[in-house]
Amino acid sequence: MKEYILSLIECAVGAKNAISKQEICRKTGLNERTVRNFVAELRDEGYLIISTSQSKGYYFPSSKSEAEHFVNEMEKRGRKCFAAVSFARQWIRQNEDQLTLL
């Protein structure tokens, strides 16, 4: 199934040709979470599958600027996640003595 999803996305080159998650779900019969997980696996395997807040689906880049936009958006998202983790770790350190096992 992952190979079929890859083949669908390979036909979508450039943001204007993006294939929506819903369309992939319709063509595969899978739910959105499963599709996202397969896309994550494909990315882990080295495929540059783009999705951004501006695009309405998944696609392969047709230009350097599309890839750069994706990188910038993902880095910003990563910084926000890292900041949240940093605050959580700080809270844990400050409250270590107060935390007990239930």
Side-chain angles (χ1 to χ4, degrees):
M1 189 60 69
K2 183 169 60 173
E3 292 78 16
Y4 180 56
I5 292 171
L6 177 60
S7 73
L8 293 172
I9 298 170
E10 283 176 329
C11 293
V13 177
K16 65 181 179 182
N17 298 311
I19 183 168
S20 71
K21 193 181 322 151
Q22 294 77 17
E23 181 67 11
I24 295 172
C25 290
R26 189 185 66 72
K27 290 184 177 214
T28 62
L30 301 172
N31 62 45
E32 288 188 12
R33 176 172 284 188
T34 303
V35 169
R36 277 194 313 270
N37 289 340
F38 277 130
V39 170
E41 286 179 25
L42 290 164
R43 286 175 171 159
D44 288 345
E45 292 171 13
Y47 293 98
L48 179 53
I49 298 172
I50 304 239
S51 60
T52 67
S53 58
Q54 293 177 340
S55 67
K56 302 297 181 201
Y58 297 110
Y59 61 97
F60 280 95
S62 64
S63 67
K64 180 181 174 185
S65 65
E66 285 182 342
E68 288 173 337
H69 181 75
F70 174 72
V71 167
N72 292 335
E73 195 167 301
M74 293 298 280
E75 285 178 340
K76 183 177 179 182
R77 188 180 307 164
R79 283 191 298 274
K80 287 182 178 184
C81 289
F82 187 73
V85 168
S86 295
F87 291 132
R89 286 187 178 164
Q90 180 181 352
W91 185 91
I92 291 168
R93 282 192 302 276
Q94 292 171 347
N95 295 282
E96 259 179 305
D97 296 336
Q98 298 173 21
L99 298 176
T100 59
L101 296 176
L102 299 178

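No experiment lies behind these values; they were computed from the predicted model shown. Computed over heavy atoms, backbone and side chain alike; hydrogens, waters and symmetry mates excluded.
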Residue pair C25 / V35: nearest heavy atoms and the distance that separates them: SG-CG2, 3.8 Å
pair L48-P61: side-chain heavy atoms closer than 4.5 Å: yes
Any side-chain heavy-atom pair of I49 and F60 under 4.5 Å: yes
Gap separating the CE atom of M74 from the OG atom of S51, nearest 0.5 angstrom: 6.5 Å
Nearest-0.5 Å distance, CE of residue M1 to CG of residue L6: 13.5 Å
Listed partners of E23 passing side-chain hydrogen bond (donor to acceptor under 3.5 Å, both in side chains), at least two apart: R26
Backbone of A15 reached by a side-chain donor or acceptor of E66 within 3.5 Å: yes
Side chain to side chain contact (heavy atoms under 4.5 Å, CB included) between F38 and T28, worked out: CA-CA 12 Å; F38 277 130; T28 62; over 6 Å; no
Nearest heavy-atom neighbours spanning S62 and G14: OG-CA, 3.5 Å
Sequence neighbours excluded - salt bridge (Lys or Arg N to Asp or Glu O under 4.0 Å) pairs with any residue from residues 40-62: K2-E41, K2-E45
Euclidean distance, R36 CZ relative to Y58 OH, rounded to 0.5 Å: 6.5 Å
Inter-residue atom distance Y59.OH - I50.CD1, 0.5 Å rounding: 5.0 Å
Shared hydrophobic cluster, Y47 / F70 (ILVMFWY, side-chain heavy atoms < 4.5 Å): no
Side chain to side chain contact (heavy atoms under 4.5 Å, CB included) between N72 and E75, worked out: CA-CA 5 Å; N72 292 335; E75 285 178 340; 4.2 Å; yes
Pairwise side-chain contact, L30 with I24, heavy-atom cut-off 4.5 Å (strictly under): no
